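Worksheet: one structure, shown below.
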Amino acid sequence: MPELPEVEVVRRGLESWVAGRTVAAAEVLHPRAVRRNVGDLPAQLKDRTLASAERRGKYLWLPLRNGDQEEAEEALIAHLGMSGQLLVVDPLSPVEKHLRVRMGFTDGGLELRFVDQRTFGHLLVAPMAAGRGRPVPEPIAHIAADPLEDAFDDEEFAVRLRLRRTGIKRALLDQSLISGVGNIYADEALWRARLHWARPTETLTRPKIAELLAAVRAVMTEALGQGGTSFDSLYVNVNGESGYFDRSLAVYGRRDEPCRRCGTPIRREAFMNRSSYSCPKCQPRPRNARP
DNA sequence: AGTCGGCCCTGCGAGC
DNA sequence: TGCTCGCAGGGCCGAC
């Protein structure tokens, strides 16, 4: 699960290594990697220039230009899923075991490879959505702005959050409310804000929501500064290197280890068929808990 | 319309 | 040694 910081690390790599280059040929080695694409991806990419590298939440996209066309009408979208990697490598380097898509460029330089062990990630070409505001591709128009974007509206988030009738962690993971937050950073932000994951959203006060948003932004910014989290060595930048924020995690993956604030052993609870880590003392379970 | 559970997929470590 | 099982989990979709 690369989350916002890991995806941003990849975006920066694409911006410096791939933006401005023109695709010579692309090859799809596994159909599942393009399951959401309509049409033939190699044909859609051939001779097109990857204008820049953009991101919203956990989604990446590269606007596609034809020749000297000014406005991109389509984009190549990438989602890394749980184990996807976008690597910039020598075209002659050995093929990775889980290589799904590769593309070479007209300049003959380093090629772009999409490698994905668990195949939850995917690539597709899609039109840009019509409308005001920041241009985004149609398939991700329903995704909310992420908390590091200028377009993110704290006030609107607070209003919509309090209208929900669910637990705070479910809400944080809902990409149509706030994007970019996954299981790791949700747990870390909730610990920082001293909130239990099952706290009903409508009971959160405005100051507490502001505190939580600040915690989300702080943990993501810190992780970005360390190149992201590399929990199982699958999250790497375009050069295959891992970040080291996992050393700074306060609760995620730290079952029975002491809370960095009070020393109480961290607990792990089942949540939505996955895990939630929290401190039993700093984040007591509310009486009106919502799963 | 909002909420929630099931499903997709592979590798790895624990247990037998 | 070699099998099975549980776990890791983001996003989409159907059910209510």
Side-chain angles (χ1 to χ4, degrees), chain A residues 1-8 10 28-38 55-61 77-86 96-101 114-124 126 136-144 146 156-157 159-190 197-202 216 220 228-236 242 246 249 251-256 267-277 288-291:
Chain A
M1 86 279 21
E3 303 179 31
L4 189 154
E6 293 75 39
V7 178
E8 173 62 14
V10 173
V28 176
L29 296 100
H30 196 301
R32 197 173 138 76
V34 293
R35 63 193 178 279
R36 287 184 69 196
N37 191 58
V38 179
R55 182 191 56 74
R56 166 164 280 180
K58 303 170 198 171
Y59 273 94
L60 291 165
W61 72 91
I77 302 172
H79 194 291
L80 303 177
M82 293 187 31
S83 56
Q85 304 175 335
L86 284 166
E96 294 80 1
K97 183 177 180 189
H98 302 293
L99 178 63
R100 309 304 188 195
V101 179
F114 179 60
V115 176
D116 187 14
Q117 177 197 100
R118 295 175 209 166
T119 71
F120 277 36
H122 60 274
L123 303 184
L124 77 155
V136 300
E138 268 174 14
I140 64 173
H142 66 292
I143 299 290
D146 68 59
E156 186 196 343
F157 173 74
V159 170
R160 293 184 62 202
L161 184 68
R162 285 165 55 87
L163 287 172
R164 294 288 171 107
R165 291 295 176 268
T166 188
I168 182 59
K169 186 169 172 182
R170 268 184 193 279
L172 281 180
L173 296 178
D174 184 342
Q175 306 295 302
S176 67
L177 181 63
I178 176 172
S179 67
V181 184
N183 206 34
I184 296 178
Y185 295 108
D187 279 2
E188 293 297 311
L190 289 168
W197 53 265
R199 174 75 176 268
T201 48
E202 73 272 22
V216 169
M220 286 182 164
T229 300
S230 57
F231 209 72
D232 58 14
S233 78
L234 286 173
Y235 321 138
V236 294
S242 303
D246 47 317
L249 295 174
V251 284
Y252 190 83
R254 297 190 65 239
R255 181 181 198 166
D256 295 334
R267 76 182 149 199
R268 177 197 175 275
E269 295 170 286
F271 164 81
M272 287 172 77
N273 286 327
R274 56 194 72 170
S275 298
S276 259
Y277 297 92
N288 50 1
R290 276 244 176 77

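In what follows, chains are A, B, ... by sequence order, proteins preceding strands, each numbered from 1. Every value quoted in this text rests on a predicted model; they were computed, and no experiment measured them.
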Where do N or O atoms of nucleotides 11-16 of chain C meet protein N or O atoms at under 3.5 Å, pair by pair?
{"from": "dG11(C)", "atom 1": "OP1", "to": "His79(A)", "atom 2": "NE2", "distance (Å)": "2.5"}
{"from": "dG11(C)", "atom 1": "OP2", "to": "Lys58(A)", "atom 2": "NZ", "distance (Å)": "3.3"}
{"from": "dC12(C)", "atom 1": "OP1", "to": "Arg36(A)", "atom 2": "NH1", "distance (Å)": "3.1"}
{"from": "dC12(C)", "atom 1": "OP1", "to": "Tyr59(A)", "atom 2": "OH", "distance (Å)": "2.6"}
{"from": "dC12(C)", "atom 1": "OP2", "to": "His142(A)", "atom 2": "NE2", "distance (Å)": "3.4"}

query = Leu124(A) and Val38(A): side chain to side chain contact (heavy atoms under 4.5 Å, CB included), yes or no, with the steps?
reply = CA-CA 8 Å; Leu124(A) 77 155; Val38(A) 179; over 6 Å; no
request  = Please report, rounded to the nearest Å, how far the C1' atom of dC7(C) is from the CD atom of Glu269(A).
outcome  = 17 Å
query = Starting at CG of Leu177(A) and ending at P of dG10(C), how long is that distance when rounded to a whole Å?
reply = 16 Å
task = List the steps and the verdict of side chain to side chain contact (heavy atoms under 4.5 Å, CB included) for Arg164(A) and Leu177(A).
result = CA-CA 10 Å; Arg164(A) 294 288 171 107; Leu177(A) 181 63; 3.9 Å; yes
task = Could you check how far CZ of Arg100(A) sits from P of dC8(B), rounded to whole Å?
result = 17 Å
key: Residue Arg118(A), side-chain atoms from C-beta onward, closest of dC8(B), dG10(C), dT10(B)   = dT10(B)
Validation row: Tyr59(A), Pro137(A) side chains within 4.5 angstrom (heavy atoms) = no
ask   = Using a cut-off of less than 4.0 Å, is there contact between a side-chain N or O of His98(A) and OP1 or OP2 of dG11(B)?
value = yes
request  = Considering just the side-chain nitrogens and oxygens of Ser275(A), establish if one lies under 4.0 Å of OP1 or OP2 belonging to dA8(C).
outcome  = yes
task = Round to a whole Å and report the spacing from CZ of Arg268(A) to P of dG6(C).
result = 14 Å
Polar atom pairs between nucleotides 4-6 of chain B and protein, under 3.5 Å, N or O only, would you list them?
{"from": "dC4(B)", "atom 1": "OP2", "to": "Thr166(A)", "atom 2": "OG1", "distance (Å)": "2.9"}
{"from": "dG5(B)", "atom 1": "OP2", "to": "Arg170(A)", "atom 2": "NH2", "distance (Å)": "2.9"}

query = Starting at CD1 of Ile178(A) and ending at C1' of dG10(C), how long is that distance when rounded to a whole Å?
reply = 16 Å
remark   = Atom CZ of Phe120(A) and atom P of dG11(B) are separated, to the nearest Å, by 13 Å
Leu161(A) CG - dG2(B) P separation (whole Å) = 14 Å
ask   = Going through the distances and angles, do Asp187(A) and Lys169(A) end up as a salt bridge (charged side-chain N to carboxylate O under 4.0 Å, His left out)?
value = CA-CA 8 Å; Asp187(A) 279 2; Lys169(A) 186 169 172 182; 2.7 Å; yes
key: Step-by-step side chain to side chain contact (heavy atoms under 4.5 Å, CB included) determination, Phe271(A) to Arg170(A)   = CA-CA 9 Å; Phe271(A) 164 81; Arg170(A) 268 184 193 279; 4.1 Å; yes
query = So, is Lys97(A) close to the dT10(B) phosphate, meaning a side-chain N or O under 4.0 Å from OP1 or OP2?
reply = no
inquiry  = Under a 3.5 Å threshold, yes or no: a donor from one side chain and an acceptor from the other, between Ser179(A) and Asp146(A)?
reply    = no
remark   = Rounded to whole Å, the CG-C1' distance (Leu172(A) to dG10(C)) equals 15 Å
